[in-house]
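A quick note: this is a predicted structure, and the numbers were derived from the prediction, not measured. Here is how names work: the chains are called A, B, and so on, in the same order as the sequence lines, proteins then strands, and each is numbered from 1.
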2 protein chains.
Amino acid sequence: MDAFSIGEAAERLALSPHTLRYYERAGLLDMVARNSAGRRVYTNADLHWISLLMCLRSSGMPIANMKKFSNLVRAGLSNVPDRIALLEQHRAKVIADMAALQSALTIIDGKLQRYRGMSNENQAAR
Amino acid sequence: MDAFSIGEAAERLALSPHTLRYYERAGLLDMVARNSAGRRVYTNADLHWISLLMCLRSSGMPIANMKKFSNLVRAGLSNVPDRIALLEQHRAKVIADMAALQSALTIIDGKLQRYRGMSNENQAAR
DNA sequence: TCTTGACTTAGAGCGCGCTCTAAATCGTAC
DNA sequence: GTACGATTTAGAGCGCGCTCTAAGTCAAGA
């Protein structure tokens with residue numbers, strides 16, 4: 001099985017057909033095959049590529065950069081260094097985001113401890 | 001020094017006066033004092049509270065939940081358990097987000113390694 | 001044959017979190 | 001007194017990433 005309707009593809013990828021079409025229009029996918037009736041037919045390779053896109057998206061890459069990346073991939077192997085540069089830049093951002101989340105977490109945990117202390121005192125006072 | 005104009009407060013907090021006013025209108029701050037001319041005067045306590053808000057915001061809490069939290073704080077000490085619940089829920093989301101970033105990072109690193117391999121092969125082939 | 005439901009398109013709409021505008025007011029420096 | 005720059009308000013506007021609408025096409029099943 002290597003041919004999926006947009007509905008099947010959407011289900012497997014856990015996103016909506018609307019979003020799949022939007023990504024295509026946005027220039028993130030190209031050459032999604034069509035059947036005789038003009039309907040999209042997704043291959044496993046398509047799904048795999050879209051999975052990578054979803055990984056980039058969910059880790060905070062803006063659509064515009066995803067489009068740049070897609071264009072590089074589309075343009076052939078000669079620009080692999082450019083792809084590396086783009087991914088490394090994104091990698092740095094992801095790591096920075098993780099660090100920011102970690103420091104927020106520390107503050108939140110501090111606040112929680114304070115609240116737990118207050119909560120216990122209240123109980124003890126009754 | 002425990003009194004800041006909106007401009008000074010904005011500078012110290014690294015956000016814009018517009019955003020400070022927006023947060024106030026959104027119900028995240030209350031009782032920001034005014035001077036005789038009707039202008040806002042921020043205390044250190046205000047700045048500290050806003051810093052906590054920024055921590056929540058930057059770690060992905062939606063404004064609506066920040067408002068709920070603000071309302072709880074405003075309503076007094078009796079609802080500390082509710083605040084704990086809200087923060088713990090957020091804490092769980094932050095941890096989930098960090099895990100998602102980590103798994104994206106693993107995929108990105110895998111892709112980078114593949115690209116580096118391709119790049120080296122290309123060089124070797126020349 | 002007719003109905004049903006998944007698909008097609010271009011384009012509009014939406015939710016979020018700001019971000020800016022316009023017109024007015026105020027305090028300070030000249 | 002007057003010019004300037006920071007502030008005030010209500011409300012409009014914006015950028016992003018979807019998300020939905022409307023009108024139409026098509027294939028399969030009753």
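Heavy atoms of A:Arg21 sit under 4.0 angstrom from at least one base atom. Within the nucleic acid shown, A:Ser5 comes within 4.0 Å of sugar-phosphate atoms alone, with no base atom in reach, counting heavy atoms only. Here B:Pro17 lies out of heavy-atom contact (under 4.0 Å) with every strand.
Sequence order on DNA chain C of the closest nucleotides to B:Pro62 and B:His18 puts B:Pro62 first from the 5' end. The residue among A:Ser36 and A:Gly60 whose nearest nucleotide of DNA chain D is located toward the 5' end is A:Gly60. The 5' end of DNA chain C is approached more closely, in terms of each residue's nearest nucleotide, by B:Met61 than by the other of B:Met61 and B:Ala37.
Using a distance-only test at 3.5 Å, with no hydrogens or angles considered, no donor-acceptor pair links the side chain of B:Thr19 to the main chain of B:Leu15. Counting only distance, with no hydrogens or angles, the side chain of A:Asp46 and the backbone of A:Thr43 share a donor-acceptor pair below 3.5 Å. Within the 3.5 Å criterion, the main-chain N or O of A:Met61 finds a donor-acceptor partner in the side chain of A:Arg57.
Across the protein-nucleic acid pair, A:Phe4 atom CZ and C:dA6 atom P stand 18 Å apart, rounded to whole Å. Rounding to whole angstrom units, CG of residue A:Leu29 and P of D:dC18 are separated by 13 Å. Separating the CD atom of B:Glu24 from the C1' atom of C:dC18 is a distance of 16 Å, rounded to the nearest angstrom. The distance between atom CG of A:Leu15 and atom C1' of D:dG17, rounded to the nearest whole Å, is 13 Å. D:dT21 atom P lies 18 Å from atom OH of A:Tyr22, rounded to whole Å. Here D:dG17 presents its P atom at 13 Å from NZ of A:Lys67, a figure rounded to the nearest Å. With rounding to whole Å, A:Asn35 atom CG is found 11 Å from D:dC26 atom P. Taking atom CD1 on A:Ile6 and atom C1' on D:dT19, their separation rounds to 13 Å, with Å as the unit.
For the pair B:Lys67 and B:Phe69, the NZ or CZ position fails the cation-pi test of under 6.0 Å to the six-membered ring centre and within 45 degrees of the ring normal.
Contact annotation: A:Arg25 does not reach the phosphate of C:dA10 (side-chain N/O to OP1 or OP2, under 4.0 Å). Neither OP1 nor OP2 of C:dG17 sits under 4.0 Å from any side-chain N or O of B:Thr19. Checking the phosphate oxygens (OP1, OP2) of C:dT9, a side-chain nitrogen or oxygen of A:Arg40 falls inside 4.0 Å. Between C:dT9 and A:Arg34, a contact under 4.0 Å exists linking OP1 or OP2 to a side-chain N or O.
The base of D:dC26 sits with one of its N or O atoms less than 3.5 Å from a complementary donor or acceptor on the side chain of A:Arg39.
Out of D:dG17, C:dG17, C:dG11, the shortest distance to the side chain of A:Ile63 is found at D:dG17. You'll find that the side chain of A:Tyr23 is closest to D:dC18, out of C:dT9, C:dG11, D:dC18.
A salt bridge is absent between A:Glu88 and A:Arg83; no separation between the charged side-chain nitrogens and carboxylate oxygens falls under 4.0 Å.
Side-chain contact annotation: B:Thr106 with B:Ser103, donor-acceptor N/O pair under 3.5 Å absent.
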